[in-house]
Amino acid sequence: QVHLVESGGRLVQAGGSLRLTCLVTGLPFSDHAMGWFRQAPGKDRELVGHITWGGFSTYLADSVKGRFTISRDNAKNTVYLQMNNLKPEDTAIYFCASPRVSHIVTMGARSDYWGQGTQVTVFA
């Protein structure tokens with residue numbers, strides 16, 4: 001059974017930093033791209049970014065580019081989201097996800113693997 005477990009979310013002041021962690025079990029981790037999504041109150045879930053299975057390529061949404069980075073450690077079955085210079089508009093529940101199919105980066109479907117989310121709240 002596949003499990004994705006996020007951690008690291010908390011209350012932080014604007015301008016601060018957080019690192020989110022997603023530990024994955026039950027999946028051939030090094031064969032799967034990983035992504036981070038977020039959902040703010042009253043808004044649709046949106047893609048923050050993703051990283052390929054080998055970690056050689058990443059994508060970040062324009063809204064976080066230059067502030068967030070995605071990395072992974074395949075030896076630890078873990079993907080990270082480093083968030084710097086946080087803004088109140090970054091407040092959301094953050095989810096990690098992975099496609100059901102290996103070696104593709106397209107993700108976000110309900111049928112993909114999802115974690116339960118971790119709350120990030122940024123106050124001014």
Side-chain angles (χ1 to χ4, degrees):
Q1 198 167 8
V2 178
H3 292 285
L4 285 69
V5 180
E6 303 95 335
S7 61
R10 63 177 176 85
L11 184 67
V12 64
Q13 191 170 18
S17 297
L18 282 178
R19 188 176 80 159
L20 305 184
T21 299
C22 176
L23 174 64
V24 180
T25 57
L27 192 71
F29 185 74
S30 60
D31 292 338
H32 281 255
M34 295 297 302
W36 286 96
F37 290 76
R38 67 185 182 185
Q39 188 166 18
K43 294 188 176 181
D44 293 334
R45 191 172 297 188
E46 63 173 357
L47 174 66
V48 175
H50 58 66
I51 184 168
T52 53
W53 43 96
F56 298 114
S57 179
T58 61
Y59 163 82
L60 289 165
D62 287 344
S63 57
V64 304
K65 202 171 292 183
R67 300 187 297 123
F68 291 10
T69 57
I70 296 177
S71 61
R72 64 189 293 159
D73 185 339
N74 284 353
K76 296 182 178 179
N77 283 16
T78 300
V79 61
Y80 305 97
L81 181 67
Q82 178 66 43
M83 306 186 294
N84 298 327
N85 190 22
L86 282 160
K87 302 176 181 181
E89 52 263 43
D90 295 317
T91 294
I93 300 174
Y94 283 72
F95 302 87
C96 66
S98 180
R100 279 193 175 263
V101 178
S102 65
H103 301 105
I104 66 169
V105 294
T106 303
M107 66 183 78
R110 290 186 179 183
S111 57
D112 287 336
Y113 299 116
W114 293 89
Q116 83 289 347
T118 186
Q119 176 72 48
V120 173
T121 303
V122 185
F123 65 95

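Residues V24 and C22 meet the side-chain proximity criterion, which asks for heavy atoms closer than 4.5 Å. Residues Y59 and L47 have side chains in contact (heavy-atom distance under 4.5 Å, counting atoms from C-beta outward). Between R38 and E46, some side-chain heavy-atom pair lies under the 4.5 Å cut-off.
No side-chain N or O of E89 forms a donor-acceptor pair with one of T91 less than 3.5 Å apart. Side-chain contact check for S17 and N84: at least one donor-acceptor pair (N or O, by modelled atom type) lies under 3.5 Å.
Cluster membership check: V79 shares its hydrophobic cluster with V2, using side-chain heavy-atom separations under 4.5 Å among Ile, Leu, Val, Met, Phe, Trp and Tyr. Criterion: ILVMFWY side-chain heavy atoms under 4.5 Å apart, direct or through other members. Under it, L81 and V12 are part of a common hydrophobic cluster. Taking hydrophobic clusters as Ile, Leu, Val, Met, Phe, Trp and Tyr residues chained together by side-chain heavy-atom distances below 4.5 Å, L20 shares a cluster with L4. Hydrophobic clustering of Ile, Leu, Val, Met, Phe, Trp and Tyr side chains at less than 4.5 Å, counting indirect connections, unites V64 with V122.
Interatomic distance, I51 CD1 to S98 OG, rounded to the nearest 0.5 Å: 12.0 Å. The structure places OG1 of T58 at 6.5 Å from CD1 of I70, a figure rounded to the nearest 0.5 Å. Atom CZ of residue R67 and atom CD of residue Q82 lie 12.0 Å apart, to the nearest 0.5 angstrom. For the atom pair CD of Q116 and SG of C96, the computed distance is 7.5 Å after rounding to the nearest 0.5 Å. With values rounded to the nearest 0.5 angstrom, W36 atom CH2 is found 12.0 Å from M107 atom CE.
Here the shortest heavy-atom pairing between Y94 and V48 reads CE2-CG2, 4.2 Å. Contact between D112 and R100 at its shortest, heavy atoms only, is OD1-N, 3.3 Å. Annotation for A14 and A124: closest pair CB-CA, 4.2 Å, computed over non-hydrogen atoms. D31 approaches S102 most closely through the heavy-atom pair O-CB, 3.3 Å. Across all non-hydrogen atoms, the minimal contact from I104 to A33 is O-CB, 3.2 Å.
In this structure a side-chain-to-backbone donor-acceptor pair under 3.5 Å is missing from R10 to L18. With hydrogens and angles disregarded, a donor-acceptor distance shorter than 3.5 Å links the side chain of H32 to the backbone of P99. Between the side chain of R45 and the main chain of Q39, no donor-acceptor pair closer than 3.5 Å is present. The main-chain N or O of G117 is found under 3.5 Å from a side-chain atom of E6 such that the two form a donor-acceptor pair.
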Original post:
Hey, mind stepping through R72 and N74 against side-chain contact (heavy atoms from CB on, under 4.5 Å) and telling me if it holds?
Top reply: CA-CA 6 Å; R72 64 189 293 159; N74 284 353; 2.7 Å; yes

**OP:** For the pair L86 and F123, evaluate side-chain contact (heavy atoms from CB on, under 4.5 Å) and give the outcome as yes or no after the intermediate values.
**Re:** CA-CA 9 Å; L86 282 160; F123 65 95; over 6 Å; no

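Note: F95 and W114 have perpendicular aromatic rings, judged against thresholds of 30 and 60 degrees for the angle between ring planes.
For NZ of K65, the number of neighbouring non-hydrogen atoms (other residues, nucleotides, ligands) closer than 6.0 Å is greater than 12.
Exactly one of F29, Y80, Y113, W53 qualifies for a side chain to side chain contact (heavy atoms under 4.5 Å, CB included) with M34. That residue is F29.
No salt bridge links K87 with D90; every basic N to acidic carboxylate O contact stays at or beyond 4.0 Å.
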